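Below is one structure, written out as structure tokens; comments come after it.
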Number of protein chains: 2
Amino acid sequence: MNAEAVAMERPEFDAEPIAEVVLEADMGAELSQLPASRHYRRARQDRGAETRKSLLLAALDVFGRYGFEGAATRDIAKRAGANLAAIVYHFGSKDALHRAVAEYVVEQMQARIGDSITAAADALKGNIDRPTARRLLQRIVDVHIDSMLGEAEAELWGRFIMREQMEPSSTFDVIYDFMMQCQSTTTNLVALLLDLDPRSEEATLRSFAISGQFVIFCVGRPMVLKKLGRDTLATKDREEIRRVVAEHIDLLVGEALVGEG
Amino acid sequence: MNAEAVAMERPEFDAEPIAEVVLEADMGAELSQLPASRHYRRARQDRGAETRKSLLLAALDVFGRYGFEGAATRDIAKRAGANLAAIVYHFGSKDALHRAVAEYVVEQMQARIGDSITAAADALKGNIDRPTARRLLQRIVDVHIDSMLGEAEAELWGRFIMREQMEPSSTFDVIYDFMMQCQSTTTNLVALLLDLDPRSEEATLRSFAISGQFVIFCVGRPMVLKKLGRDTLATKDREEIRRVVAEHIDLLVGEALVGEG
DNA sequence: GAAGAAGTCAATCGATCGATTTAATTTATG
DNA sequence: CATAAATTAAATCGATCGATTGACTTCTTC
């Protein structure tokens, strides 16, 4: 079951290069934004990156839909347009692939909403006034909405996270920690705006309720789309959602949003 | 794959009694509230009802966690404390069991929140004032919160529904229709309270955002529990959530809740 | 209390699918 | 051309799948 363990027991199995490949976290990151030019024949010096990225995305989808045990490596390889053996070659095992997916998800989310969180967390260390807190909160909310509803891949992240929440594996901690960090920062901002103790249950509940206003559009997306009569959320829809949620928060925290935008 | 088809092809297989058993929707409904008395030796006249109920609940759990294909009938039978063959005996096939679970979920949800929906829908046919609309809306919200967070089984309904939403099977329509009906009624109430066209995107989005405030406590329950430092939501927590959400809605629709506690 | 219906059970069917491994082949690069 | 990286088809071997069977137990009914 554990491919690394197997590799250790078998010295003739050259595990080192694979391990290195797996450990470099930025695999194919630069490749994903490659120009579509057909004549761009470079990047062949690392053909593997393409396959790794395909496998990673396919695994993200399949793991998210069927869970770790329910996911079939055959299915993942087929969707990725890669050979079955490529999974072991590039990642080491099904386990390791799953771990890589979890890390990838956090990485992507961190890249999109990390700044807004650290900005708020840093500001909260000092003394900030209510308009500033309101603006920092809105920043977090907007970034969440844009990343959760804006890009197609985000649907996969959401599914993967929801599934991990149902049957938490050992790799879930890293996702969990990140989300708790987001929630804590949001709670602190809400507490400040509502003159509540940040550690009170009241602050926590109000913070979750506020977050729920946009999370619903992620977890209930099929229902929302059906109701709106669309098959995808347009940019305009997303802006409407941002506007509505912003107005709601204005009403809820009794501090209208002012400045920058 | 299809057991009914097989049954049709094999006249010697006595399918009728099974079909009847499957079709009666109230299977074991009265049995679930049996007194725990050890000497209550009745109900042996229909031992099957107990097994059916066990299988149904186990299937609800397993289908919800692993999806239809990922679910193993062996797993379901084991969790139900029943024999593998009992599934085919009582339901006809894995497919039919899945269908029965979907119907059961709608049935249970209907029993808990159906009244609040039809009450609101009926009232909306005539002319109602804002305080009444506000009260009807709160009724729907409270009933949702109580049923989604109050009973242990509701966690299973939620998981099953979320999973069906991910990979909709043919049996999903019945669930979907019910949920859309809830959402439509809520939207109409919200539109009335905010002076919006009930069919406008604005009304839909605001309605979803409002619903999200309590749905988050269902889909994000593990996160909420972790943050609160509990391992289960107490009655007091549920009351707090009801209070917070009610206050929020007061602020959002500009119509404070009055009357009947 | 015997007949028979209802329900349960262990054992088993054939088939599919599971992850992993092997060996052979293709591809790019110095 | 030589080398290493990457890909591929094929095979391994076990596990598991849903469904079925027929014997067995429990309950009802006449």
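Keep in mind the model is a prediction, meaning the values are calculated, not measured. Proteins get letters first, then strands, A, B, ... in listed order; numbering begins at 1 in each.
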> Taking atom types as modelled and ignoring hydrogens, do the side chains of His98(A) and Glu103(A) form a donor-acceptor contact shorter than 3.5 angstrom?
Replying inline: no
OP1, OP2 of dT7(D) versus side-chain N and O of Thr51(A): anything below 4.0 Å? yes
To the nearest angstrom, the CD1-C1' distance between Ile76(B) and dC17(D) comes to 12 Å
Phe91(A) CZ to dA19(C) P, in whole Å, measures 15 Å
note: Glu50(A), atom CD; dT7(D), atom C1'; distance rounded to Å ~ 13 Å
Separation of dA6(D) atom P from Arg52(A) atom CZ, nearest Å, is 6 Å
Need one value for Ala77(A): base, sugar-phosphate or nothing, where a base atom within 4.0 Å counts as base even if backbone is also close, heavy atoms only.
nothing
From CD of Glu69(B) across to C1' of dG18(C) the rounded distance in Å is 15 Å
Looking at Arg159(B) and Asp61(B), is any side-chain nitrogen of the basic one under 4.0 Å from a carboxylate oxygen of the acidic one?
yes
In whole angstroms, the gap separating P of dG18(C) from CZ of Phe63(A) amounts to 12 Å
Checklist line | Glu69(B) atom CD, over 12 foreign heavy atoms within 6.0 Å | finding: no
Here the distance between atom P of dG18(D) and atom CG of Asp75(B), to the nearest Å, is 9 Å
Short heteroatom pairs, N/O only, protein and nucleotides 8-12 of chain D, under 3.5 Å:
| residue | atom | partner | partner atom | Å |
| --- | --- | --- | --- | --- |
| dT8(D) | OP2 | Asn83(A) | N | 3.4 |
| dA9(D) | OP2 | Asn83(A) | ND2 | 3.3 |
| dA9(D) | N7 | Asn83(A) | ND2 | 3.3 |

Closest heavy-atom pair, Ile161(B) versus Phe172(B), reported as atoms and distance to 0.1 Å, is O-CE1, 4.2 Å
In whole angstroms, the gap separating C1' of dG7(C) from CD1 of Ile87(B) amounts to 15 Å
Notebook entry, point to check: Distance-only, no hydrogens or angles: does the Arg230(B) side chain make a donor-acceptor pair with backbone N or O of Lys226(B) under 3.5 Å?
Noted result: no
Donor-acceptor contact present, side-chain Lys94(B) to main-chain Ala71(B), <3.5 Å: yes
task = Determine whether the aromatic ring centres of Phe63(A) and Phe68(A) lie less than 6.0 Å apart.
result = yes
- Is any side-chain N or O of His90(A) closer than 4.0 Å to OP1 or OP2 of dT7(D)? yes
